[in-house]
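The figures that follow rest on heavy atoms only: side chains count, while hydrogens, waters and symmetry mates do not. In the text below, chain A, chain B and the rest are named by the order of the sequence lines, each starting its count at 1.
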Amino acid sequence: MKKFFVADLDGKLPGEMLTLNGWAQDIRILKNVGFIVLRDQTGLVQITVKKDTEPFSMLGDISRESVIMVKGAVPEKIQSKIGREFIANEISILNIAGSPLPIGIADEVEVDFDTRFNNRFMDLRKPEHSRIFRAKSAILWGIRSFLMSQGFTEVQTPKIVSAATEGGADLFRVKYFEKDAFLNQSPQLYKEMLIASGVERVFEVGPAFRAEEHNTPRHLNEFTSIDIEMAFADHNDAMHMLENAISHGIENFLNKVPEALQFSLLKSPPKTPFPRITYEECVSILAENGLKVNKGEDLNNEQLKIIGSRFEGFYFITHWPREVRPFYTSVLEDNENFTKSFDLQFREIELTSGAQRVHNPETLKRKIEEKGLDSSNFEFYLKTFRYGMPPHAGWGLGLERLTQVILNLPNVREASLFPRDRTRVFP
RNA sequence: GCCCCGGUAGUGUAGUGGCCUAUCAUACAGGCCUGUCGAGCCUGUGACUCGGGUUCAAAUCCCGGCCGGGGCGCCA
């Protein structure tokens with residue numbers, strides 16, 4: 001049906017009869033001429049309607065945001081400030097838009113988050129909102145193609161599960177016929193089971209669910225997790241894979257999305273390797289700033305801001321104390337108080353958590369119990385460690401948070417088409 | 001889970017007890033206008049989150065509900 005896009009008009013010769021489809025963003029009727037600003041996913045064009053032509057009489061019937069088809073041609077000389085112009089010979093209204101609009105598109109009026117998300121389909125007609133998802137798509141595509149080039153297989157694992165992955169985060173409970181089940185908070189256990197299956201490098205892009213009642217600009221209750229797991233690898237290998245994946249994702253975004261530089265915070269792919277700082281070094285820096293971190297304690301937001309201010313962009317915090325890491329995290333050979341783990345940070349925002357994993361089944365069982373969990377609930381998982389499990393490492397990367405920091409969005413909800421937060425389950 | 005803040009036309013706002021018959025912008029309707037482009041000018045339509053209370057009088061004060069924004073904790 002649709003032959004080409006508005007942006008394809010560039011370079012077309014006058015006189016060639018063409019058909020455009022799109023939304024009538026604005027209509028201006030003067031005494032002797034009329035104009036429609038037509039929008040499609042590629043941009044805007046001014047449709048010029050001369051008084052002596054047949055479509056002039058119907059201009060008044062076209063409401064803003066109506067869907068129209070226009071036949072015509074580009075003029076000899078473009079006079080519109082938009083930079084694209086099209087002289088209409090014939091206009092058809094394909095679907096009239098109601099009025100008033102729930103959100104104005106051409107209006108220069110601020111709209112609250114709540115109104116925006118209640119009317120997300122309208123909100124996304126604004127290019128500054130829809131382009132976030134073109135960016136997100138391109139970032140993900142770059143990461144995906146990089147992982148594919150490194151011998152990874154993309155997998156899909158269950159989101160309805162019977163047991164908690166890590167015991168920490170709260171899970172959403174669902175009815176599963178006569179049983180209780182949960183929405184998975186992470187594909188962690190399944191990724192590791194696939195390592196035991198002999199698929200040496202796996203990744204998954206899928207939803208993760210957290211039933212935490214937080215209300216912040218960086219939390220979603222359903223988010224997209226990019227998760228990898230690789231056999232015969234340690235935490236350093238996993239960090240290499242991560243920084244290169246992110247760099248490729250950003251490179252693909254900057255190269256493939258029109259006008260990416262205009263709205264991206266990052267103007268070029270970040271240089272690898274990313275800087276690394278250990279947890280103990282962070283504690284020392286904070287001590288110099290008069291902030292005390294108790295032994296084995298996580299760093300809070302205030303503390304992460306201070307650490308983050310020392311770096312331009314992405315950086316790793318490595319060797320976290322064992323107390324703040326899940327049971328499947330392996331510890332350093334020469335100091336069991338610290339782990340072969342890392343977080344990827346951008347300023348104070350945590351983007352990734354990763355580690356080398358425990359691969360010895362007895363150690364793993366002991367660590368599950370040390371965390372106060374019932375190891376019998378993890379038998380399906382532990383079993384896969386008893387018949388030939390390689391050493392392995394991996395990470396989970398939050399796609400919405402990554403998009404948020406690359407585009408410098410004030411709120412992570414903007415990087416989710418239909419965000420799920422503490423109070424929103426609609427639309 | 002704890003704490004703070006907010007809810008006024010379709011949208012975004014002004015308003016802190018009587019001068020509110022509620023401000024402004026934008027949208028919408030009608031009119032004017034030699035090509036406009038955040039068009040301009042004129043006229044008009046349109047709103048106090050819900051329930052209870054205080055008061056001679058409530059958009060305004062109090063209590064509760066509903067809805068939202070944020071901080072902490074926790075996390076990706």
Side-chain angles (χ1 to χ4, degrees), chain A residues 25-38 44-51 59-60 63-65 75 77-85 87 97-119 122-123 126 165-166 168-170 185-188 206-227 242 297-304 324-326 343-346 348-354 395-405 410-413 415-416 421-424 426:
Chain A
Q25 179 167 307
D26 197 10
I27 299 99
R28 285 188 287 273
I29 307 169
L30 283 75
K31 194 169 189 180
N32 294 316
V33 67
F35 303 98
I36 301 169
V37 177
L38 185 80
L44 301 175
V45 59
Q46 176 175 284
I47 308 291
T48 301
V49 186
K50 302 272 169 72
K51 188 178 186 168
L59 279 179
S63 54
R64 281 185 171 186
E65 294 303 314
K77 183 170 175 250
I78 291 172
Q79 297 179 61
S80 171
K81 289 176 184 169
I82 288 173
R84 289 191 194 105
E85 193 163 352
I87 310 298
S99 171
L101 300 167
I103 293 176
I105 305 303
D107 323 10
E108 299 291 315
V109 177
E110 288 289 308
V111 186
D112 286 346
F113 265 128
D114 195 38
T115 308
R116 288 182 51 194
F117 289 120
N118 284 337
N119 299 281
M122 282 304 287
D123 182 57
K126 295 189 176 183
T165 306
E166 303 170 22
D170 289 327
Q185 68 187 96
S186 150
Q188 182 61 31
F209 304 91
R210 305 280 165 91
E212 301 278 354
E213 296 187 19
H214 32 46
N215 189 359
T216 80
R218 61 185 181 283
H219 285 94
L220 294 166
N221 291 288
E222 176 179 356
F223 66 94
T224 309
S225 181
I226 304 173
D227 260 89
L242 177 57
E297 204 175 57
D298 213 340
L299 303 182
N300 65 34
N301 220 39
E302 181 196 4
Q303 294 163 340
L304 287 172
V324 299
R325 288 280 146 163
D343 281 357
L344 178 71
Q345 300 280 142
F346 192 99
E348 72 275 17
I349 299 192
E350 181 180 337
L351 299 169
T352 304
S353 192
W395 42 258
L397 167 64
L399 178 58
E400 286 80 12
R401 280 194 185 172
L402 179 63
T403 306
Q404 180 188 7
V405 302
N411 194 312
V412 74
R413 282 168 251 221
S416 175
D421 62 30
R422 174 67 187 83
T423 52
R424 178 174 294 281
F426 164 91

- Given the P atoms of B/C67 and B/U21, what is the spacing between them in whole Å? 33 Å
- Rounding to a whole Å, what distance do you find between A/D343:CG and B/A76:C1'? 9 Å
Close N/O contacts between protein and nucleotides 1-7 of chain B (under 3.5 Å):
{"from": "B/G1", "atom 1": "OP1", "to": "A/E213", "atom 2": "OE1", "distance (Å)": "3.2"}
{"from": "B/G1", "atom 1": "OP1", "to": "A/E213", "atom 2": "OE2", "distance (Å)": "2.7"}
{"from": "B/G1", "atom 1": "O6", "to": "A/E213", "atom 2": "O", "distance (Å)": "3.0"}

- Check the side chains of A/E85 and A/T48 for a donor-acceptor pair under 3.5 angstrom, ignoring hydrogens and angles. yes
- Note on the structure: Given protein heavy atoms under 4.0 Å, the one-letter contact record of nucleotides 36-44 of chain B, with B base, S sugar-phosphate only and - none, is simply BBBB-----
- Spacing of CG belonging to A/N118 relative to CG belonging to A/D112, to within rounding of 0.5 Å: 10.5 Å
- RNA chain B: 5'-proximal contact among A/N411 and A/G398 (nearest heavy atom): A/N411
- Nearest-Å distance once atom C1' is located in both B/G15 and B/C24: 11 Å
- Message: Between B/G64 and B/C2, how far apart are the two P atoms, rounded to whole Å?
- Response: 14 Å
- Message: So, taking the atom named OG in A/S225 and the one named CG in A/L399, what distance separates them when rounded to the nearest 0.5 Å?
- Response: 9.0 Å
- Measure from the side-chain N and O atoms of A/D421 to the backbone N and O of A/R424, and report whether any donor-acceptor pair falls under 3.5 Å. yes
- Are the side chain of A/S63 and the backbone N or O of A/G98 linked by a donor-acceptor pair below 3.5 Å? no
- Can you figure out which of B/C72, B/C74, B/U26 approaches the side chain of A/E212 most closely? B/C74
- Task: Look at all strands and tell whether A/K50 reaches a base, only sugar-phosphate, or nothing, counting heavy atoms closer than 4.0 Å.
- Result: base
- Is the shortest side-chain N to carboxylate O distance from A/R325 to A/D343 below 4.0 Å? yes
- Query: Heavy atoms under 4.0 Å, any strand shown: does A/D107 hit a base, just sugar-phosphate, or nothing?
  - Reply: base
- Query: If you measure from the P atom in B/C48 to the same atom in B/C4, how many Å do you get, rounded?
  - Reply: 30 Å
- Protein-nucleotide distance (A/R401, atom CZ; B/A76, atom P), rounded to Å: 8 Å
- Can you find a heavy atom in the side chain of A/Q345 that is under 4.5 Å from one in the side chain of A/L299? no
- In Å and rounded to the nearest 0.5 Å, what is the CZ to CD1 distance from A/F35 to A/I47? 11.5 Å
- Position toward the 5' end of RNA chain B (nearest nucleotide), A/L220 or A/D421: A/D421
- Within a strict 4.5 Å, meaning less than it, do heavy atoms of the A/E65 and A/Q25 side chains meet? yes
- Item | B/G38: pairing nucleotide in any strand, Watson-Crick or G-U under 3.5 angstrom | none
- Which nucleotide in the set B/C74, B/A76, B/C33 lies at the smallest distance from any side-chain heavy atom of A/K31? B/C33
- Task: Using Watson-Crick or G-U wobble geometry with both distances below 3.5 Å, tell me the partner of B/C20, or none.
- Result: none
- Message: Taking A/E350's backbone N and O only, do any of them form a donor-acceptor pair with A/R401's side chain (distance below 3.5 Å, no angle check)?
- Response: yes
- Phosphate contact (B/C67 OP1 or OP2) by A/T423 side-chain N/O below 4.0 Å: no
- Item | Residues that A/N32 engages under side chain to side chain contact (heavy atoms under 4.5 Å, CB included), provided they are two or more places apart | A/K51
- Message: When the P atoms of B/G46 and B/U36 are compared, how many Å lie between them, rounded to an integer?
- Response: 35 Å
- Query: Given B/C74, B/G69, B/G35, which nucleotide is nearest the side-chain atoms of A/H219?
  - Reply: B/C74
- Item | B/U54 and B/U8, which share atom name C1', separated by this distance in whole Å | 23 Å
- Nearest-neighbour nucleotide for the A/F223 side chain, B/U26, B/A76, B/G68 considered: B/A76
- Message: Looking at A/S63, I'd like to know whether one of its side-chain N or O atoms comes within less than 4.0 Å of OP1 or OP2 on B/C28.
- Response: no
- Message: In the structure I gave you, are the side-chain heavy atoms of A/V324 and A/E297 within less than 4.5 Å of one another anywhere?
- Response: no
- What is the pairing partner of B/G64, taking Watson-Crick or G-U wobble pairs with both distances under 3.5 Å in any strand? B/C50
- Report which part of the nucleic acid A/L101 touches: base, sugar-phosphate, or nothing (heavy-atom distance under 4.0 Å, all strands). sugar-phosphate
- Residue matched to B/C28 through Watson-Crick or wobble contacts both under 3.5 angstrom: B/G44
- With rounding to whole Å, what would you report as the distance between B/C63 and B/C19 at their P atoms? 25 Å
- Interatomic distance where CG belongs to A/N32 and P belongs to B/C32 [whole Å]: 12 Å
- Message: Using whole Å, what does the distance between atom C1' of nucleotide B/G12 and atom CD1 of A/I105 come to?
- Response: 14 Å
- B/C75 pairs with which nucleotide, Watson-Crick or G-U wobble, both distances below 3.5 Å? none
- From B/A76, B/G73, B/U34, pick the nucleotide closest to the side chain of A/N301? B/G73
- Task: Write down the distance between CG (A/L304) and P (B/C75), rounded to a whole number of angstrom.
- Result: 11 Å
- From CD of A/Q345 across to P of B/C74 the rounded distance in Å is 14 Å
- Rounded distance in Å - CZ (A/R218) to C1' (B/C75): 9 Å
- Message: Using atom P in both nucleotides, what's the gap between B/A22 and B/G30 to the nearest angstrom?
- Response: 25 Å
- Have a look at A/V111 and say if it touches a base, only the backbone sugar-phosphate, or nothing, with a 4.0 Å heavy-atom cut-off. sugar-phosphate
- Message: Please report the distance, rounded to the nearest Å, between CD in A/E65 and C1' in B/G10.
- Response: 14 Å
- Task: Answer yes or no: is there a side-chain heavy-atom contact under 4.5 Å between A/H219 and A/R210?
- Result: no
- Message: For a quick test of reading the model: is some side-chain N or O of A/R424 closer than 4.0 Å to OP1 or OP2 of B/C67?
- Response: no
